[in-house]
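Sequence lines set the chain letters: A, B, ... in the order given, protein chains first and strands last, and positions in each chain run from 1.
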2 protein chains.
Amino acid sequence: MSRTAAVPVGAARQGSLRELNLALVLGRIADADRPPSRADLAARTGLTRATVSAVVEDLLLGRLVAEVEPAPRAGAGRPARGLVLAGDGPAGLGLEVNVDYLAVCVVDLAGRVRHHTVERADLRPVPPAEALGRLAALAAAARADAADQGLTPAGAALAVPGLVDDAGLVRLAPNLGWRDVPVPALLARHPALTEHVDGVPPLVVDNEANLAALGELHAGPSGAASFLHISGEVGIGAGIVLDGRLFRGVRGWSGEIGHVPVRPDGRPCRCGGRGCLERYAGQEAVLAAAGLAGADLPADTAAYRLAELARAGDAATLAALHDAGTALGVAVAGVVNLLDLDTVVLGGGYAPLEPWLRPPVLAEISHRVLTAAWSPVTVRPATLGTQAAAVGAAGSVVRRILARPGGWLAHRS
Amino acid sequence: MSRTAAVPVGAARQGSLRELNLALVLGRIADADRPPSRADLAARTGLTRATVSAVVEDLLLGRLVAEVEPAPRAGAGRPARGLVLAGDGPAGLGLEVNVDYLAVCVVDLAGRVRHHTVERADLRPVPPAEALGRLAALAAAARADAADQGLTPAGAALAVPGLVDDAGLVRLAPNLGWRDVPVPALLARHPALTEHVDGVPPLVVDNEANLAALGELHAGPSGAASFLHISGEVGIGAGIVLDGRLFRGVRGWSGEIGHVPVRPDGRPCRCGGRGCLERYAGQEAVLAAAGLAGADLPADTAAYRLAELARAGDAATLAALHDAGTALGVAVAGVVNLLDLDTVVLGGGYAPLEPWLRPPVLAEISHRVLTAAWSPVTVRPATLGTQAAAVGAAGSVVRRILARPGGWLAHRS
DNA sequence: GTCAAATAATTCAACCACTGAACAAATAGT
DNA sequence: ACTATTTGTTCAGTGGTTGAATTATTTGAC
């Protein structure tokens, strides 16, 4: 988990200045919609052209950026040399363990997915050590593929559908049946996940919903940098992104929206409370209400089955989705009132169901959110599919390098 | 509203280095439990003693810190000269308009309240311009008093029980009867609130609950730097403090916990929704349930009256408080599940009622919060009294100077 | 009473990184 | 070919940190 602020609150030594400016320039290159020239960067950052040149020199040497052919420009003057994020520099390795699949992917600095593997398997009966072993094998293959493409894997992040510790201990992953699983220790034997690069931890473990939100952050339309991302799976998790940064809570356990009460005296929940959202908008509840209780569908196809039925006009399914959307809307309205967010993303299993969920969610928001009159809340489906968490995990590694390029550069000198 | 991050994401020029270290050293002086020496600061910040000396020199010249007699120390060696925040430097002016009082206070760099005035008056029938005029008169007196004590008022913050714009426009303050009141424009004629100091805006307007949370942040026990502060007044507002920083939401309208649904099909609320927390734990609801519906008590004495009755064992009051606490607990459980906070502070009118509210709130939390088993949630009363918002407002000005001393120093050179 | 040990704070040359201005490079238009 | 224009680099100047040496001020031992 990223405990580091954008700027460490330590001593500002001389080198900090360069480190700050490396991150600044690199960030502008990443954000730009077309390859900027050094002069563009100088104008946009406020640095002098001389400084930008020196900084870019470092970035080029460290293979973080590359020069491209200048975009033909009207008017006189020496043609600019465009700068882009390197396609052959460091890359992030993203891993995911979920109820019925393992996934691994590699994302480069520019956010492109350069490798992607999914292995379907019911992992509930598999012991954690074995599941992680299989994952490590996939990771080794992914590293090799990345290396073939000229990329240097610089760190990995693992998404787990459960509560994760600072140290990577999985305290509880109910749907997977895991409890107190020391993931880093179990993966320590696998070299694919322990190679260390300065400035980037070899492996971080985090909640699936958190990483899916991060995936959405840099896959989704840029601009909306504050949103609530809801992953509707067997359980319901949420990732909260504020100003382009994931909010993790005091211990990293934020986002348990599935247990927000929506009917305080309602159905009992396995968490011990009553009337939790999960009991009204979780997969089991929706399937039961739609009359598919015994179907025992794999978790990630259930949503598509529901969407099919809804498209066909099945009354029970439509009613079930309406009720789930209303429950979701009640919880979301509370969140929006509390946090003042302007965008809600329906992700995971909710994404294909968005056409039927959005109207009741919006209805609840518009009734219940005090400030909805001044500025409306957008509800939209996630742009990434089921692999949002793995891609988000890989992206989190990449983001870390972009945010603090100093470590990577020091490592390569 | 503080839009600026701790470190602006602009170009890191040469001067930025000094600015960063000024803030770093000043922060350590502020946090220390006893006056640190330059050598202590060097050890704690990682800077060299030479740099610390130079930085401290600047701070002394700018009247931000002062030297004090060394604390007698065992062992040999030249005695250290202790450094403390100056008691005669800049100060923050805190203002509050509420339903039945106006308040003004002055807080110095060390957080001490150096001036404090409250003017009781029912402000609902008073036009905003007149209310603000009276406030400005109090502010002028406070400035004069501060100047007599050697302080330089360096900026002001105003707390309002309502939704405030980035520009200081009060969009809606329902209990005060304000709507679209352009506070800065109305106060522009009053010199006490428009004198400008570099790096500190002359007047910021913010929500009362937000500023009360900030007040609690630096009055409360240090260490708990992430908490939810709930101001139970006529309405119910919350301030969310994360890692020592107030979280304001996308538009600065976070904290509307009063309209979080706790009984989705319950009592209609004036916000247009149903079953909002305010209808179950707001002052009116509690007074009605306790049988004091018509009493028409001033808002800030209602809580004390209820506490009296509860202490005397009045059955209706005890039941009313239990029910309010349960509703509050439902809402708070949702918030804690979502944000993973470990501390909840009962402030405003809830503070004196804490003995009766805490048990039901804790009961709901322990039932409903998934992670409560691993790490308990603390529920405690606010340490600041009814003046939390005014003190917090003044404190926010001071914090801004401490966080970016560069502006103040430039202004004084 | 004097001297050694210890700790605090300052001084100073060296160095790092940014600035501003001058200059070299490369193109379009006339 | 020549000028205008824009890009990118070079270089002396400067602000700020570093590290080591120096000065300052105390305690404790002989």
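- Within a 6.0 Å sphere centred on CG of A:D243, other residues, nucleotides and ligands contribute 12 heavy atoms or fewer.
- Under 4.0 angstrom from either OP1 or OP2 of D:dT18 there lies at least one side-chain N or O belonging to A:R13.
- Distance alone, capped at 3.5 Å, places no donor-acceptor pair between the B:R248 side chain and the B:N210 backbone.
- OP1 or OP2 of D:dT17 sits under 4.0 Å from a side-chain N or O of B:R18.
- Of the side-chain N and O atoms in B:N21, none sit less than 4.0 angstrom from OP1 or OP2 of D:dG16.
- Regarding A:L24, its CG atom lies at a distance of 13 Å from the C1' atom of C:dC18, rounded to whole Å.
- With contacts defined as side-chain heavy-atom distances shorter than 4.5 Å, the pair A:V25/A:L47 qualifies.
- The base of C:dA8 sits within donor-acceptor range of the side chain of B:R78, with an N or O pair under 3.5 Å.
- Residue pairs meeting the side chain to side chain donor-acceptor pair (under 3.5 Å) criterion with at least one member in residues 13-23 of chain B, sequence neighbours excluded: B:R18-B:D58.
- Remark: A:E67 pairs with A:R38, A:R81 by the salt bridge (charged side-chain N to carboxylate O under 4.0 Å, His left out) rule, at least two apart or across chains.
- In this entry the distance linking CG of B:L20 with P of D:dG15 reads 19 Å, nearest Å.
- Near DNA chain C, defined here as any heavy-atom distance below 4.0 Å, the residues from residues 32-39 of chain B are B:S37, B:R38, B:A39, listed numerically.
- Closest-nucleotide positions on DNA chain C for A:G77 and A:G15 were compared, and the one nearer the 5' end corresponds to A:G15.
- Contact check of residues 40-60 of chain A against DNA chain D (heavy atom, cut-off under 4.0 Å) returns A:R49, A:A50, A:S53.
- Residues forming a side-chain contact (heavy atoms from CB on, under 4.5 Å) with A:A50 (at least two apart in sequence, or on another chain): A:T48.
- Side-chain contact check for A:V398 versus A:D108: every heavy-atom pair is 4.5 Å or farther apart.
- Side chains of A:I29 and A:P36 form a contact here, defined as non-hydrogen atoms less than 4.5 Å apart.
- Set against D:dT7, D:dT18, C:dT27, the side chain of A:A76 has C:dT27 as its closest nucleotide.
- Atom pair A:R81:CZ and D:dG8:C1' shows a separation of 7 Å (rounding to whole Å applied).
- Contacts classified as side chain to side chain donor-acceptor pair (under 3.5 Å) and involving residues 83-94 of chain A (residues at least two apart or in different chains) are given here: A:R63-A:D88.
- The base of C:dT19 does not come close enough to the side chain of B:Q14 for any donor and acceptor atom to sit less than 3.5 Å apart.
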